[in-house]
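Let me begin by presenting the structure, written as C-alpha cells, before commenting on it.
Start at 1 with the first residue, then count along the sequence. We use all heavy atoms of the structure for the numbers below, so side chains are in, but hydrogens, waters and symmetry mates are not.
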Amino acid sequence: MRLLYFYPENPLLKNQGNNARALALLEYFKSRAIEVDFVGVYADNFQQEDISNLKNERYIKEGYLLKSLSRKKNQLRYFFMYSLPRKIFKKIKEFDRRRFGQEKLFEEIAMQKEYDFILISYAYWANLIDNIKEVKPNVKFVIDTHDFLTSQFQHTKDFQLGKYFETEMRLLNKFDEVLVISNEEKYVFSQFLDQPVSIVTHTLKTHFDASEIAKKYDIVYVASNNEHNIKAAKWFFTEVYPKLDKSIQIVVVGRVVSFCPDGDNITKIAFIEDLDSIYKVSKIAICPMLSGTGLKIKVVEALSYGLPVVCNERGIDGLLNKTNNGCLMTNDSSQFANYVTQLLQDKTFYEKHAQDSKSFFIANHSIEATYTELDHIFTVDQ
C-alpha cells in the first residue's frame with residue numbers, strides 16, 4: 001500500500017502538539033509497513049536535512065518540501081493564476097494557506113506514482129487536491145482536520161460565522177473521509193458532511209513506571225507560545241500561583257516560558273529534545289486553558305505517564321469522557337490551587353486520580369485502541 005501524506009510542518013519538532021500527532025500517524029504507517037511519501041512546506045525549521053532524518057528513521061520512502069515561486073520572475077502568471085482568481089471569487093484568505101506555485105508542485109509530486117491514499121492535513125490546505133481528483137479517480141482522499149478552524153478564526157476582523165463555517169464544510173466535502181480528533185468535532189462535522197467522519201484521537205505509548213523514581217518537580221506545565229497558551233500562562237501565574245505554597249516546585253517547558261515570571265521555585269526550559277525526562281520526575285501536570293478548541297495533546301501526554309492533571313474547562317475538550325479521566329477541572333482560580341495542593345498533600349486522593357489517568361489512557365489513547373480505528377480507515381489487512 002502506498003500513501004502520499006501532506007503535513008506542512010516538521011513532525012520531528014516535538015514541542016508542539018500538532019507535530020506530535022503527525023509523528024504518531026507516521027509511527028502507525030511505519031508499523032503497518034505502509035509506504036509513505038511525505039510533502040511538507042519549506043521553512044527555517046524544516047529543510048532537506050529534516051527530510052533525510054525522516055528517511056533514516058524509516059518513516060518515509062521519499063520526502064519533498066514545497067517552496068513558493070518568485071512573484072517578480074512570474075508576474076503575469078502570478079496575477080492571472082493566483083491573485084486575480086482570489087479577488088474575483090473573494091476567497092477567505094484564512095482558509096487557504098497555499099502560496100504561489102505550491103499547488104502545481106504538489107500536483108507534480110502526486111502524479112509521479114500511483115497512490116492508494118492521499119492524506120492532507122488541515123482544511124486550509126484542502127485545495128491542493130482540486131486538479132488531482134480529476135485524474136486520480138481510484139485514490140481515496142482523506143483529510144486530517146486537527147481542529148475546528150471556524151472557531152479559531154472567530155476573532156478575525158470581518159468574521160462572519162455563516163460564511164466561515166460554510167467555507168470549512170465545503171473544503172472538507174472535497175474528501176472521501178474526514179478524520180477528527182474529538183467527539184465534539186465529530187458531532188458538528190457529521191451534521192453537515194456527506195462523507196464518513198471518523199474519530200482518530202491522539203495515541204502514545206504508555207509510560208507508566210512501577211519503580212519509585214524520585215520526583216524533582218511538583219508541577220509540570222508544557223506549552224508553546226500561541227495566543228491561547230500565553231493567555232493561559234498569564235492567568236495561572238496571576239490568579240493561581242499566588243495562592244500556592246512557594247515550596248511547590250514548578251517546571252515550565254516550551255516557548256511559553258517567555259511569558260512566565262521568574263521565581264525561586266520556577267524552573268524554565270524553553271526547549272528540550274525529549275519530555276520523557278521531565279514527566280518521569282514530575283508529580284502532577286497542569287493545563288490552564290481558557291480558550292482554544294480541540295484535544296489538548298499535552299493533556300494526553302501527561303495521562304500517558306499516569307499523572308493527574310489539573311485544568312480549566314477547555315483543558316478537557318476532546319477527551320472522550322469528561323469524568324473519571326485523571327483530570328480535575330475547574331475555572332475558579334482558588335479551586336485550581338486547592339486541587340493542586342490536595343493532590344500533593346493527600347496520598348489517597350492522588351492515587352485515585354493517578355489510577356483514573358492510567359485507566360482512561362489505556363482505554364482511549366493507547367496504541368492498541370487507536371490503531372484499531374486507523375486500520376478500518378486505511379483498510380490494512382491484519
Side-chain angles (χ1 to χ4, degrees), residues 1-11 16-26 28-29 34-43 46 51 54 59-68 91-99 101-150 152 167-181 185-186 189 193-200 202 294 373-374 377-379:
M1 181 176 294
R2 184 178 288 157
L3 179 145
L4 182 63
Y5 181 18
F6 173 83
Y7 178 73
E9 301 181 50
N10 185 349
Q16 292 182 196
N18 53 339
N19 294 340
R21 176 171 173 79
L23 189 61
L25 282 174
L26 288 172
Y28 165 75
F29 297 138
I34 297 174
E35 182 180 308
V36 176
D37 288 345
F38 182 91
V39 183
V41 175
Y42 181 87
F46 201 11
I51 293 295
L54 286 169
Y59 287 125
I60 65 173
K61 178 75 171 180
E62 299 294 341
Y64 310 88
L65 293 174
L66 302 182
K67 294 183 180 180
S68 57
K91 293 183 178 180
I92 301 174
K93 63 180 181 180
E94 287 85 5
F95 276 103
D96 192 353
R97 293 200 173 179
R98 295 171 302 165
R99 295 295 176 261
Q102 290 179 337
E103 182 176 0
K104 182 65 174 175
L105 292 172
F106 184 78
E107 290 171 10
E108 291 173 356
I109 294 166
M111 297 301 178
Q112 291 178 11
K113 298 179 182 178
E114 292 300 321
Y115 293 102
D116 299 287
F117 295 89
I118 292 182
L119 172 62
I120 303 292
S121 298
Y122 302 108
Y124 42 61
W125 292 95
N127 291 319
L128 285 175
I129 70 169
D130 286 352
N131 296 329
I132 303 170
K133 286 194 71 174
E134 298 177 4
V135 295
K136 296 277 189 178
N138 296 323
V139 174
K140 184 176 181 179
F141 292 87
V142 182
I143 186 161
D144 186 11
T145 57
H146 284 263
D147 210 342
F148 179 28
L149 298 185
T150 296
Q152 292 287 332
T167 298
E168 185 166 5
M169 294 304 102
R170 177 177 53 78
L171 292 171
L172 297 182
N173 261 319
K174 294 174 183 282
F175 293 83
D176 301 307
E177 183 138 7
V178 177
L179 309 187
V180 298
I181 202 168
E185 289 165 10
K186 179 171 182 176
F189 292 168
L193 297 178
D194 301 324
Q195 291 75 8
V197 179
S198 300
I199 298 177
V200 177
H202 188 57
E373 180 61 28
L374 286 168
I377 295 165
F378 294 101
T379 58

When rounded to the nearest 0.5 angstrom, what distance separates CZ in Phe38 from CZ in Phe29? 11.0 Å

Would you indicate whether the side-chain heavy atoms of Leu374 and Val200 approach each other to under 4.5 Å? yes

Measure the NE2-CG distance between His202 and Leu23 for me, rounded to the nearest 0.5 Å. 8.5 Å

For Arg98 and Asp96, which heavy atoms make the closest approach, and how far apart are they? NH2-OD2, 2.6 Å

Using 0.5 Å steps for rounding, measure from the CG atom of Leu65 to the OH atom of Tyr42. 8.5 Å

Distance in Å, Leu4 CG paired with Ile132 CD1, rounded so as to fall on 0.5 Å steps: 7.5 Å

Tell me, do Gln102 and Trp125 make a side-chain contact under 4.5 Å, heavy atoms counted? yes

Should the ring pair Phe378 and Phe117 be called parallel, tilted or perpendicular, given that the plane angle runs from 0 to 90° and is split at 30 and 60? perpendicular

What's the spacing between Leu66 CG and Ile109 CD1 if we round to 0.5 Å? 5.5 Å

Can Phe141 and Val139 be said to form a side-chain contact (heavy atoms from CB on, under 4.5 Å), step by step? CA-CA 6 Å; Phe141 292 87; Val139 174; 3.8 Å; yes

Contacts of type ring-ring contact (aromatic ring centres under 6.0 Å, His included), residue Tyr115, not counting sequence neighbours: none

Would you call Phe189 and Phe148 a side-chain contact if the rule is heavy atoms closer than 4.5 Å? yes

So, taking the atom named CG in Leu171 and the one named CD1 in Ile143, what distance separates them when rounded to the nearest 0.5 Å? 7.5 Å

Using side-chain heavy atoms (C-beta onward) and a distance below 4.5 Å, is Asn173 in contact with Gln195? yes

My understanding is that only residues two or more places apart in sequence, or in another chain, count here; which of them pass ring-ring contact (aromatic ring centres under 6.0 Å, His included) with Phe46? none

By salt bridge (Lys or Arg N to Asp or Glu O under 4.0 Å), Lys113 pairs with (sequence neighbours left out) Glu35, Asp37

Taking only residues two or more places apart in sequence, or in another chain, which ones meet Glu9 in a salt bridge (Lys or Arg N to Asp or Glu O under 4.0 Å)? none

Could you pull out all residues at least two apart from Asn10 that satisfy side-chain hydrogen bond (donor to acceptor under 3.5 Å, both in side chains)? Asp50

Contact between Val39 and Leu105 at the side-chain level, heavy atoms closer than 4.5 Å - yes or no? no

Partner residues of Asn131 under the side-chain hydrogen bond (donor to acceptor under 3.5 Å, both in side chains) criterion, sequence neighbours left out: Glu107

Test side chain to side chain contact (heavy atoms under 4.5 Å, CB included) applied to Leu149 - qualifying residues, sequence neighbours left out: Phe95, Ala123, Tyr124, Asp147, Phe153, Glu168

Could you tell me which residues satisfy side-chain hydrogen bond (donor to acceptor under 3.5 Å, both in side chains) with Asp130, sequence neighbours excluded, listed by chain and number? Lys174

Sequence neighbours excluded, the answer for ring-ring contact (aromatic ring centres under 6.0 Å, His included) partners of Phe175 is none

Check: Tyr7 and Asp144 side chains under 4.5 Å, non-hydrogen atoms: no

Contacts of type salt bridge (Lys or Arg N to Asp or Glu O under 4.0 Å), residue Lys136, not counting sequence neighbours: Glu114

Apply side chain to side chain contact (heavy atoms under 4.5 Å, CB included) to Glu177 and list each qualifying residue two or more places apart in sequence or on a separate chain. Lys140, Val142, Leu179, Pro196, Ser198, Ile377

Note, Ile51 side chain near Ile60 side chain (heavy atom, < 4.5 Å): yes

Does the pair Leu26 and Leu54 meet the rule for a side-chain contact (heavy atoms from CB on, under 4.5 Å), with working shown? CA-CA 9 Å; Leu26 288 172; Leu54 286 169; 4.2 Å; yes

Give the intermediate values and the outcome of side-chain contact (heavy atoms from CB on, under 4.5 Å) for residues Phe106 and Asn127. CA-CA 11 Å; Phe106 184 78; Asn127 291 319; over 6 Å; no

Sorted by chain and residue number, the side-chain hydrogen bond (donor to acceptor under 3.5 Å, both in side chains) partners of Glu373 (sequence neighbours excluded) come out as none

Heavy-atom side-chain contact between Gln112 and Tyr64 under 4.5 Å: yes

